Amino acid sequence: MTSLRAIIATAAFCCAGTAFGQTGAPAGAAKAVVAAAVVRVDYDRPLPISRVDLPPADLGFAGAELGTGDNNTTGAFMGQSFTLETVEAKPGEAAAAVRDLVAKGVDYIVALADAPELLAMSDAAGKGAILFNAQAPDDALRNADCRANVFHVALSRSMGTDAVAQFLAWKRWPKWFLVEGSHPGDRALGEAYAHSAKKFGGKIVETRVFEDTGGSRQTDTGLAQVQAQIPVFTQSAPDHDVLVAADENEVFAAYLPYHTWDPRPVVGSAGLTPTTWSPAADAWGGAQLQTRFEKRAGRPMRPLDYNAWLAIRTLGEAATRAPDTGLAAMAAYIGSPDLQLAAFKGQPVNYRPWDHQLRQPVLLASDHLVVSVSPQDGFLHQVTPLDTLGTDAPETKCSFK
Amino acid sequence: MRKLLASAALLGLAAPVPAGAYTVFVSNERGNSVSVIDGETMEVTDTIDVGQRPRGIIMSPDGAKLYILASDDDTVQVLDAATHEILGTLPSGPDPELGVLTPDGSILYVANEDDNLVTAIDTASGTVKAEIPVGIEPEGMGVSPDGKILVNTSETTNMAHFIDTGTDEIVANVLVDQRPRFAQFTDDGRLLFVSAEIGGTVSVIDPEKHEVIHKIGFEVPGVPKEALQPVGVRVTKDGKKIFVALGPANRVAVVDGESFEVEEYLLVGQRVWQLAFSPDEKQLWTTNGISNDVSVIDVDDLKVVKSIQVGEQPWGVAIRAD
């Protein structure tokens, strides 16, 4: 990362001084500017099953804007200013958007995009900017397809499935009935659950595939059909403690709770869901973040908003403590264990050096509450319990070029 | 909110009390109550219903009034510390969390966590004297012994803001570690301690030079580093011992006031956040939010001598000499 181009924006001399001591801009000094953008790719997707989940127009952007506001409050004391640009891109156009932003002097780009598009954005950024992946869960992005200029705030699939698996182990619910969707992402998620089961002592008693036959989602009086279909679909499964749903594309999982043949709880893509954030999260000062967000955006804070907020807060924290606010110094600091980001999850978080994945507690949320937080008590690790979730250093297939 | 009831009160209360007698007040964040404990018998003598989500509580210097920051009611309640009647409210601004009184008791400074403000309230007139914009999520509040400097810490901005109480303007900002929760001066005013919950440190600050001169770190075998989360800080009057509440580590660290080395870790109840000394400094009281109790530490022996059940999720503690 040391070869990253130095900041081009404005007179970037540092006024942060050292990590110790008084801070504040010297009189008459030019402000250091940290220029960031969010690029959100709006894919053509079916509407969610529940109208409660309809995506707001400012999804993700609102979180980044709050983070920029937070950074600028600190920046006012530090002689630093943080800018944010928001870009809505059509599928296939995100790489071009990145090139434009880099040409304009934007050094940090939060990506709300799928994996192939993220890789194209990474190529387009080259050494001119660093990217924060706030959406794509693919484990390949943290392994064979890892990139030196990409940091991942979003959970990898395996972090989410490990978080669920630890909870099921804690509950002593070892027998899982896995139902996965028919899309590639669903299958990958199903595989991640299978891997997590092995890792934490769960047993998948059967894997069943729910075929996506297309068509619209909830229809008027459609619930009568669902009530007839889901029990039939889930019947005759071997004895199990819990149904694990792997439905990244949100085709069927929301229909499962209460409709399963056997009276069993549903976890995974419905019921108890692993996530970076929930509008219900209020522990560890989280209520304050929620209130701040809701005041600004007029709606609850969703996981993508949180991811974008945390990506932008990474910049604020790094700008406060890195030797200077140039891209090279910032990137080096962000990738180092010195970064200690307060994420409203009760402990500092930072990026794993081997794959740039943010190690973080994973919330296990129902629709209305945070039910639990993984890592669960008792899952120990020689470095940090957080590294029991996702790909640990010895298993990584990532090598930054 | 109920308003002033106290007119013909406070006669007949002058019964003889033993020297060193004191009363402990504990706010129960989830119980919406304040537990009252006799410092001698160490028994709960009263439980007072107060506003929603009471957190910071502050005793007036004369021991007459207890200020209760009812966060979810966006108000400060004033409790008669002798009769346990709510006398009235003060205008606090939204979501008050922690507060501090000037040494003469005339001004109450309150951190408004949701609004990035410190509100200065004139306690005699019950009016807002000033609103001071600070960093994101202001929380910790400390005032210098001469009353001239107020220090506020902001949890997301990670700074200690030094505020001149004469002008109510920020005069300096000192960067500390992540999520600073508490600010405490020594009695001689020469040092300031700021705890950082997520950073896991206590910064020792020279308040004249506005410089961090040392950082106190913590380490307990068998306790994950992430669980060592310093919050409440108290210093003995002679400055020789610093007590630091370590949150989910369920311990209070005893730190030497000169070398800043940790001498001992005392096991108390679960999620220990705030601390208060008895008037003679022989006991230190801790609030343990998860185990719903308070622990009493013998300051000379450095032993935990008692734990007492209070209401749900004890948060703040304030002590009155009787």
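Chain letters run A, B, ... following the sequence lines, proteins first and then strands; every chain starts at 1. These figures come from a predicted structure and were not determined experimentally.
- Counting heavy atoms from C-beta on, the side chains of M330(A) and V34(A) come closer than 4.5 Å.
- Residues D168(B) and V118(B) form no side-chain contact, since every pair of their non-hydrogen atoms from C-beta on lies 4.5 Å or further apart.
- Between chain A and the residues E226(B), Q229(B), K225(B), E155(B), the most heavy-atom pairs under 4.5 angstrom are made by E226(B).
- L327(A) places a side-chain heavy atom less than 4.5 Å from the side chain of Y108(A).
- Residues S144(B) and D146(B) bring a donor and an acceptor atom of their side chains to less than 3.5 Å of each other.
- If you measure heavy-atom distances from E197(B) to chain A, you find no contacts under 4.5 Å at all.
- A donor-acceptor pair under 3.5 Å links the side-chain atoms of Y265(B) to the main chain of E219(B), judged by distance alone.
- Every residue two or more places apart in sequence or in another chain that forms a ring pair (Phe, Tyr, Trp, His ring centres under 6.0 Å) with F260(B) is listed here: H214(B).
- The only member of L150(B), N152(B), N173(B), I149(B) that meets side chain to side chain contact (heavy atoms under 4.5 Å, CB included) when paired with F162(B) is I149(B).
- The contact between Q178(B) and chain A is made by backbone and side chain atoms together, counting heavy-atom distances below 4.5 Å.
- A donor-acceptor pair shorter than 3.5 Å cannot be found between the side chains of Y109(B) and T165(B).
- A search for side-chain hydrogen bond (donor to acceptor under 3.5 Å, both in side chains) contacts involving T73(A) returns nothing, not counting sequence neighbours.
- If you tally non-hydrogen atom pairs under 4.5 Å between each of D177(B), I136(B), I170(B), I205(B) and chain A, the highest count goes to I136(B).
- Within residues 379-390 of chain A, the residues having any heavy atom less than 4.5 Å from a heavy atom of chain B are, in residue-number order, T384(A), P385(A).
- For chain A, no part of D206(B) is nearby; none of its heavy atoms comes within less than 4.5 Å.
- Between V110(B) and V76(B), some side-chain heavy-atom pair lies under the 4.5 Å cut-off.
- Judged by the 6.0 Å and 45° rule, R55(B) forms no cation-pi pair with W273(B).
- Neither the backbone nor the side chain of E139(B) comes within contact range of chain A, judged by heavy atoms closer than 4.5 Å.
- Ranked by heavy-atom pairs under 4.5 Å with chain B, the list N71(A), L341(A), T74(A), D70(A) is led by T74(A).
- Classified by interplanar angle (parallel below 30°, tilted 30° to 60°, perpendicular above 60°), the ring pair F151(A)/H356(A) is parallel.
- Side chain of D74(B) to main chain of D95(B): a donor-acceptor pair is present (N/O by atom type, distance under 3.5 Å, no hydrogens or angles).
- When the heavy atoms of residues 283-293 of chain A are compared with those of chain B, the residues falling under 4.5 Å are W284(A), G285(A), Q288(A), T291(A), R292(A), listed by number.
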